[in-house]
Structure formats: C-alpha cells, structure tokens
Amino acid sequence: AQALSPLKEAILGFTGLAHLSFAMSCQGEVKSYNDGKGWGFINYEGQDAFVHVKDCNGAAPNVGDVVTFDIDQDPVRGGQMKAINVQGCTGDANAGKGKGKGKGSGSCQGTVKSYN
C-alpha cells in the first residue's frame with residue numbers, strides 16, 4: 001500500500017476535534033456500493049473511504065467508477081476517511097429509493113377486491 005503524504009496522515013490521524021473540516025482533492029475507484037442503503041466505499045491509496053450517495057452531486061457510484069473527490073474526516077465513523085464532493089459517478093441516484101425501509105420479505109401476494 002502506498003504511504004499517505006505527511007499532510008494527509010496528519011489530517012486523517014488527528015482526533016482532537018469531533019469534525020475536521022479540511023478537504024483535499026483525490027482520485028480513487030469505487031470498490032463497493034449498495035443501492036438500497038445509498039453508501040459504499042472508494043479505494044483510495046490502498047484504504048477505504050466511505051461514500052454516501054448524497055455526496056455524489058446527483059448521481060450514484062457504480063463499482064469500478066474512477067471518481068475524483070475531496071477527502072474529509074468522518075465524525076460518525078471515528079475519524080475514518082469520508083469522500084465528499086464526489087465527481088464521476090455513472091449510476092442513477094434514485095435507483096435504490098423506495099417508500100419502505102426494506103424490512104419486508106415480499107413473500108405474500110394477493111388480489112385487490114375493491115379500491116376507492
């Protein structure tokens with residue numbers, strides 16, 4: 001794995017603040033993405049950077065997309081890397097959206113007898 005630059009290492013290793021709002025321009029490849037959940041990971045310099053569809057400027061990442069992004073410390077995940085301002089996604093940001101929370105099994109079927 002390629003070593004991080006001293007500046008990136010200092011930024012990502014700094015845990016004294018709940019959120020460090022300093023971003024850097026980076027490039028990586030989408031390693032995984034879950035349409036139903038709206039999140040995945042980008043391989044950046046041999047490490048995983050979390051990505052959420054809301055940070056992808058109206059598109060969704062697809063596995064294998066080469067994307068450019070800013071990197072930031074993720075306050076929710078204990079200082080891990082988070083991709084923001086992601087460009088280069090080729091997927092449909094609305095593909096995984098639905099009305100439910102995805103907890104049903106879909107195993108029941110029926111016929112509507114009446115509808116008003």
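Across Met81 and Tyr44, no two heavy atoms sit closer than the pair SD-CD2, 3.9 Å. Looking at every heavy atom in both residues, Gly38 comes nearest to Tyr33 through CA-OH, 3.4 Å. Between Cys89 and Asp65, the closest heavy-atom pair is CA-OD2, 3.5 Å. Of all heavy-atom pairs spanning Val53 and Ala93, the tightest one is CG2-CB, 4.0 Å. Taking all atoms of both residues into account, the shortest heavy-atom contact from Lys54 to Lys82 is NZ-NZ, 3.8 Å.
For the atom pair Ile42 CD1 and Lys31 NZ, the distance stands at 11.5 Å (nearest 0.5 Å). We find the CD-CD distance between Gln87 and Gln27 to be 12.5 Å, quoted to the nearest 0.5 Å. Note that CG of Asp92 and CG of Asn62 are 9.5 Å apart. Values are rounded to the nearest 0.5 Å.
Applying the under-4.5 Å side-chain rule to Ile, Leu, Val, Met, Phe, Trp and Tyr, the cluster around Phe50 extends to Trp39, Phe41.
Asp70 is listed as a side-chain neighbour of Ser25, based on a closest heavy-atom distance under 4.5 Å.
The backbone N or O of Val86 lies less than 3.5 Å from a partner atom in the side chain of Asn57, making a donor-acceptor pair.
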Item to check | Test log, rule side chain to side chain contact (heavy atoms under 4.5 Å, CB included), inputs Thr68 and Cys26 | outcome: CA-CA 6 Å; Thr68 56; Cys26 306; over 6 Å; no

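Contacts of Asn34 classified as side chain to side chain donor-acceptor pair (under 3.5 Å), with partners at least two apart in sequence or in another chain: none.
Of the residues Ile84, Val30, Val51, the one that meets the side-chain contact (heavy atoms from CB on, under 4.5 Å) test with Cys56 is Val51.
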